[in-house]
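This chain uses plain numbering: 1 for the first residue, then up along the sequence.
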Amino acid sequence: MTPHDFLADQFQGHRPHLKAVAYRMLGSLSEAEDAVQEAWLRLARSDSGDIDNLGGWLTTVVGRVCLDMLRARKARREESLEERLPDPVISRADAADPEQEVLLADSVGLALLVVLESLTPAERLAFVLHDMFGLPFEQIAPIVDRTPVAAKKLASRARQRVRGAAPNPDPDPADQRRVVDAFLAAARSGDFAALVSILDPDVVLRADGGVLAGGMKVLRGVAAVAGQLATFQRMATSATTHPALVNGLAGLVNTIDDQLISVMSFTIADGKIATLDILSDPDRLARLDLTRLEP
């Protein structure tokens with residue numbers, strides 16, 4: 001094995017962790033992959049013999065790359081992910097996938113990713129690297145060009161904004177699935193009372209149909225969300241629904257004639273639907289990898 005091959009083999013061992021970091025930073029699977037690839041290019045160009053802790057070095061590099069990408073996104077005033085749903089990670093409801101488990105080790109649901117989009121790039125990096133991955137502020141500080149004390153303050157501000165903004169999902173997958181099944185039954189039958197009974201009073205619905213559909217629409221409260229019953233019924237009666245895990249939480253993948261039309265992610269808290277995120281943007285659906293749904 002050549003030194004280059006040995007280095008590449010070591011890098012592959014760190015790749016799942018690096019992609020998990022980048023996904024939380026960017027909310028985009030394709031951009032996360034780009035950030036990880038950039039880390040490999042930088043590693044290949046460096047003198048790896050001077051690197052004492054390869055995992056820490058790579059995490060720092062990915063953090064810097066993601067920070068630059070977030071800042072460039074803001075500087076170009078691109079459509080932010082506050083105006084569209086983050087990319088969902090989809091897997092089978094009945095099978096564990098080791099790679100997916102690493103990517104979603106702390107059940108980073110779409111609702112949490114949406115909240116992370118409200119942070120500044122530096123706040124997001126400090127929060128993700130420290131609170132989600134346990135990096136010390138001494139390691140985070142150089143990435144954001146601040147002192148460790150200032151980096152700690154960034155994470156603290158981010159923590160205050162995140163706390164309570166995204167509901168904590170019920171931990172039992174079976175309990176989550178029972179509520180999703182109840183939603184589907186209410187939708188199919190057009191049962192308004194049954195739908196209302198499983199919605200949290202402060203339920204939030206985010207529906208992202210893409211640019212042609214006018215971007216992401218947000219509805220809040222039982223009355224507004226239950227008022228979409230006719231839309232839910234059309235979906236439930238015209239599409240084939242497939243139970244799935246969406247970002248580690250109970251969800252549905254909906255198809256018509258084997259063509260993907262929407263992905264639904266539910267955050268179930270205290271036995272009620274707290275958030276419902278629906279991605280129906282045809283362009284983004286076409287790029288999703290659904291191979292993990294196959295038996």
Side-chain angles (χ1 to χ4, degrees), residues 14-43 45-46 51-87 89 102-168 206 216 247:
H14 292 286
R15 178 182 282 276
H17 165 78
L18 298 176
K19 189 172 181 181
V21 171
Y23 177 58
R24 285 158 178 74
M25 282 292 299
L26 300 168
S28 164
L29 291 168
S30 60
E31 289 185 353
E33 195 61 51
D34 290 344
V36 172
Q37 185 61 24
E38 176 62 24
W40 161 246
L41 293 175
R42 295 188 186 188
L43 176 63
R45 294 194 298 262
S46 69
I51 301 173
D52 295 327
N53 180 352
L54 182 60
W57 187 91
L58 287 169
T59 301
T60 298
V61 170
V62 165
R64 285 199 176 101
V65 171
C66 290
L67 187 63
D68 289 343
M69 293 172 75
L70 287 174
R71 286 170 171 167
R73 182 192 290 171
K74 184 176 181 180
R76 292 194 304 267
R77 295 185 179 179
E78 292 180 344
E79 178 188 7
S80 74
L81 288 181
E82 285 181 292
E83 299 169 323
R84 67 171 192 168
L85 285 176
D87 290 344
V89 178
V102 172
L103 187 60
L104 300 169
D106 51 8
S107 293
V108 57
L110 294 185
L112 176 57
L113 286 174
V114 169
V115 175
L116 293 182
E117 285 299 322
S118 68
L119 306 177
T120 67
E123 287 172 344
R124 185 167 186 170
L125 182 136
F127 177 79
V128 167
L129 292 186
H130 181 268
D131 285 42
M132 292 186 170
F133 292 97
L135 263 69
F137 289 114
E138 289 75 15
Q139 190 172 337
I140 296 170
I143 307 176
V144 291
D145 296 322
R146 286 171 170 81
T147 65
V149 172
K152 185 175 182 179
K153 289 180 180 178
L154 285 173
S156 178
R157 285 204 302 268
R159 199 176 302 120
Q160 289 174 2
R161 296 175 68 177
V162 169
R163 185 180 294 123
N168 293 320
R206 289 179 285 259
M216 189 164 76
N247 284 59

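- Taking NE2 of His14 as the start and CH2 of Trp57 as the end, the distance is 11.0 Å to the nearest 0.5 Å.
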Exercise. Going through the checks in order, is the side chain to side chain contact (heavy atoms under 4.5 Å, CB included) test met by Leu18 and Trp40?
Worked result: CA-CA 10 Å; Leu18 298 176; Trp40 161 246; over 6 Å; no

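- Residues Leu29 and Glu33 have side chains not in contact (no heavy-atom distance under 4.5 Å, counting atoms from C-beta outward).
- Glu123 has no carboxylate O lying under 4.0 Å from a charged side-chain N of Arg159, or vice versa, which leaves the two without a salt bridge.
- The CZ atom of Arg124 sits 10.5 Å away from the CZ atom of Arg24 when rounded to the nearest 0.5 Å.
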For this session: Please assess Glu117 against Val114 for the test side chain to side chain contact (heavy atoms under 4.5 Å, CB included), listing each intermediate value before the final yes or no.
Result: CA-CA 5 Å; Glu117 285 299 322; Val114 169; 5.6 Å; no

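- Proximity of a side-chain donor or acceptor of Ser156 to a complementary backbone N or O of Lys153 within less than 3.5 Å is not detected.
- At distances below 3.5 Å, at least one donor-acceptor pair connects side-chain atoms of Arg161 with backbone N or O atoms of Ser118.
- Scanning both residues, Pro121 and Met25, for their nearest heavy atoms gives O-CE, 4.5 Å.
- To the nearest 0.5 angstrom, Ile140 atom CD1 is 6.0 Å from His130 atom NE2.
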For this session: For the pair Leu112 and Asn247, evaluate side chain to side chain contact (heavy atoms under 4.5 Å, CB included) and give the outcome as yes or no after the intermediate values.
Result: CA-CA 10 Å; Leu112 176 57; Asn247 284 59; over 6 Å; no

For this session: Could you please spell out the steps behind the side chain to side chain contact (heavy atoms under 4.5 Å, CB included) verdict for Thr120 and Arg157?
Result: CA-CA 10 Å; Thr120 67; Arg157 285 204 302 268; 5.8 Å; no

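- Distance check: Leu125 CG to Arg64 CZ gives 10.0 Å after rounding to the nearest 0.5 Å.
- The CG atom of Leu26 sits 12.0 Å away from atom NZ of Lys19, with the distance rounded to the nearest 0.5 Å.
- Distance alone, capped at 3.5 Å, is enough to place a donor-acceptor pair between the Gln139 side chain and the Gly56 backbone.
- Of all non-hydrogen atoms in Phe137 and Ala155, the two that sit nearest each other are CE2-CB, 3.6 Å.
- With values rounded to the nearest 0.5 angstrom, Thr59 atom OG1 is found 9.0 Å from Leu54 atom CG.
- In terms of heavy-atom proximity, Val62 sits nearest to Ala39 at CG2-CB, 3.7 Å.
- Val162 places a side-chain heavy atom less than 4.5 Å from the side chain of Leu119.
- Closest approach of Pro86 and Leu110 over heavy atoms only: O-CD2, 3.9 Å.
- Residues Gly63 and Ile143 approach most closely at C-CG2, 4.1 Å, considering heavy atoms.
- Pairing each heavy atom of Leu67 with each of Ala122, the nearest pair is CD1-N, 3.9 Å.
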